[in-house]
There are 2 protein chains.
Amino acid sequence: MERKRAKSGEIRLTEVAKLAGVSPITASRFFRKPEALSPSKRERVASAAKELGYVPNLAARALASQRTEVIGVLIPSLTNNVFSDVLRGIYDASEGSRYSIQLANTRYSILQEEQLLRLFQAQKPAGLIVTGIDQTAESRAVMEAMNCPIAQIMEVGPDPVDMMVGFSHYDAAFAAVSHLIPQGYQRIGFVGAQMDPRVQRRFGGYRDAMKAASLFDPRLIVTTPVPTSITLGGSLLADLLSKAPDTDAVFCGNDDLALGVLFECQRRHLSVPEDMAIVGFNDLEFMASAVPPLTSVRTNRYEMGRSAVTMVLAAIDGNRPPEPVVDLGFQLMVRESSSPRRA
Amino acid sequence: MERKRAKSGEIRLTEVAKLAGVSPITASRFFRKPEALSPSKRERVASAAKELGYVPNLAARALASQRTEVIGVLIPSLTNNVFSDVLRGIYDASEGSRYSIQLANTRYSILQEEQLLRLFQAQKPAGLIVTGIDQTAESRAVMEAMNCPIAQIMEVGPDPVDMMVGFSHYDAAFAAVSHLIPQGYQRIGFVGAQMDPRVQRRFGGYRDAMKAASLFDPRLIVTTPVPTSITLGGSLLADLLSKAPDTDAVFCGNDDLALGVLFECQRRHLSVPEDMAIVGFNDLEFMASAVPPLTSVRTNRYEMGRSAVTMVLAAIDGNRPPEPVVDLGFQLMVRESSSPRRA
DNA sequence: CGCGCAAAAGGTAGCGCTACCATTTTTTGC
DNA sequence: GCAAAAAATGGTAGCGCTACCTTTTGCGCG
């Protein structure tokens, strides 16, 4: 009894072709370029496929055609609301294209990122979207070897691997802090968590804006590598106030911290902005509906995801954008929490 | 000039085998079962692979072996914080296993879900995790045809496709509302958004708890199919108060709405809980740090993701759990926002 | 009515890997 | 010290699909 390799038992393209009375290659074309078939054959293949419940084998397709219809996406966190907006943009833009998104989570670890990139490499994605511009040399080497369009998102900077869509966190933070100063605030604290590269650049903007106004004081700075959360914002404000009780404003590394700071102010019966101004970063949805509404830096997260995919898809089709680096900018949303000081 | 099919140009296993002086199949084994090689060959293959920078071709592997090392995950939303916790559990549990997660977003559409399931089917994942228990008949048929372990998460119910990890949204809502009543609240409103199946079951719990106490009144109910947000919570409370100005408590379909309700109360100078009690659902991180702290129903989201993956992985290895349906329960977190009424 | 050309369809030969045996080498038991 | 069992290795033949090229068909036109 001849024992041959077990077949998968699934319907194959050949069976569909046979039922439709065409050659396998014609059936194959039906799924890839239906307009290349004559209407009669198209009809026959379609009904044969439906009758048999044919499901194409993507692995076989990928192997034979040497390409996949997958776009890999690397993001550092799923918990952070910021990325959910980026992802919405990514998913929306990929909708309708025949590409599907493969998401991976680096957890803010560049080593994890390196590993995931190698995993993606084995998958030969048609395109790649990675977060940030601080990859390891090894990661860069892998990306450069991947031979597919790559978009770095969230930031802009020199020396893109391929394409870039983002904005300057430094400039945005600089603008936010520079807005507070003429409003009459002097003892402006910085609270930051996670301290990933982007938060560090925001800190840089804060520092330089403060120095430019001769207001910089290291006692006004409270940071932690702990992942960000709303609760953490409260503790960090408590720390800040114990170090610098005369703090009259806080620039927060992100909006979650800002909301935590607001709650802590409420708990301490500090009124905002009279006793304490608050400025956040990202302008998440709740900032406008908090009481009082909180000032923040609006960033175009949805659009960032959307453009990254659009650029990658265009590049796959050979239409590279004229300018590989796109700066989407930011917008300071001034609200009651940073109103001019009356004192 | 003979024109043959273009090779990918990448290093293949054969090349690695040649350099290592072993047969291709031995090299292949090195990557799948290294302990089956003698130490000397293992060493030689390893260094050959490294020297050539070999990257395995996953498509070829999947085609030849008839399986993949991918677990498909279908969730309805990326924006909703609830799922980010589930996803963390999923990613954490898959870490270390050789399986990778392929995430897809149904956007609360069962038709989208159907389509994505078909896409997954073509990929032959080793396992599948889907959200909820309300799939279309067509979706169920696809899942049953997929011949891989499947876990439904977020809810428990009768008739699992395969396995289930969740809790009863009905019971949780019933418990939350039943807690409010003996505290002295009578005119307890319900605000809900999105109104996906789980929120509808929460509403069922609310309704039945209210009816059981003879407090049910349709004027106390405000819902919208619009996706949930914090801001929306404020508008829904406004609607509720215009329909039923004597409302003295609100049970919110989720925590975002609850926070929005809190902000709206602050805006209207209604004190919580004296003028208005608030109860949310899910117990997101901010509930405990809000001012006042907000009562909510804690759900084991992280654990849900973790167990789902653990169960699927075990099932892949042939170790099906004795009980296919796991109820992770819930916990009512009573906080100041639902303190006993003084009036 | 045959010619030329484009469109449609088909044949062949892999894509890079692993399942399934068969074979060789090493270990073990007595 | 030798047979039997176990471990390590190799040869062969696909997995299901599509690239590449060739052949057939359809059709307008002189």
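Residue numbers start from 1 in every chain, and the chains themselves are labelled A, B, ... in the order their sequence lines are given, proteins ahead of strands. What you see is a predicted model; the values in this text were computed from it and never measured.
- Look at A/Lys18 and A/Glu15 and you find no salt bridge, because none of the NZ, NE, NH1 or NH2 atoms lies under 4.0 Å from a carboxylate O.
- When heavy atoms are screened at a 4.0 angstrom cut-off, A/Arg42 is found touching no nucleic acid atom at all.
- Between atom CG of residue B/Leu13 and atom OG of residue B/Ser28 there is a gap of 5.5 Å, rounded to the nearest 0.5 Å.
- Ranking C/dC15, C/dC17, D/dC15 by closeness to the B/Arg61 side chain, first place goes to C/dC17.
- Checked by atom type and distance alone, the side chain of B/Arg306 never pairs as donor or acceptor with a backbone atom of B/Ala93 at under 3.5 Å.
- A/Arg67 has its CZ atom 9 Å from the P atom of D/dT18, to the nearest Å.
- Nucleotide C/dC15 holds its P atom 14 Å from the CD atom of B/Glu10, rounded to whole Å.
- For B/Lys33 and C/dC20, the NZ to P distance is 12 Å, given to the nearest whole Å.
- Side-chain atoms of A/Asn80 come within 3.5 Å of backbone atoms of A/Val82 as a donor-acceptor pair (strictly under, hydrogens ignored).
- You'll find the side chain of A/Asp159 reaches within 4.5 Å of the side chain of A/Arg140, heavy atoms only.
- Separating the CD atom of A/Glu43 from the C1' atom of C/dA8 is a distance of 17 Å, rounded to the nearest angstrom.
- Rounded to whole angstrom, the span from the CG atom of B/Leu13 across to the P atom of D/dC15 amounts to 20 Å.
- Judged by distance alone, with hydrogens and angles left aside, the side-chain atoms of B/Asp196 form a donor-acceptor pair with the main-chain N or O of B/Arg198 at under 3.5 Å.
- Straight-line distance from the CZ atom of A/Arg12 to the P atom of D/dG14: 12 Å, rounded to whole Å.
- The phosphate of D/dG14 has neither OP1 nor OP2 within less than 4.0 Å of any side-chain N or O from B/Gln66.
- The distance from the OG atom of A/Ser100 to the CG atom of B/Leu103 is 11.5 Å, given to the nearest 0.5 Å.
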Atom pairs under 3.5 Å, N or O on each side, protein against nucleotides 7-11 of chain D: can you list them with distances?
unit_1	atom_1	unit_2	atom_2	d
D/dT9	OP1	B/Ser38	OG	2.8
D/dT9	OP2	B/Ser38	N	3.0
D/dG10	OP2	B/Ser23	N	2.9
D/dG10	OP2	B/Ser23	OG	3.0
D/dG10	OP2	B/Thr26	OG1	2.6
D/dG10	N7	B/Arg29	NH2	3.0

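- Atom CG in B/Leu52 sits roughly 15 Å away from atom C1' in C/dG16 (whole-Å rounding).
- Of the candidate nucleotides D/dT18, C/dG16, C/dA19, D/dT18 has the atom lying nearest to any side-chain atom of A/Arg32.
- Side-chain proximity of A/Ser28 to the nucleotides D/dT18, D/dC17, C/dT18 is greatest for D/dT18.
- Among the atoms of the strands shown, only primed sugar atoms or phosphate atoms (P, OP1, OP2) are found under 4.0 Å from some heavy atom of B/Tyr54.
- In this structure, B/Glu69 atom CD and C/dC17 atom P are separated by 14 Å, rounded to whole Å.
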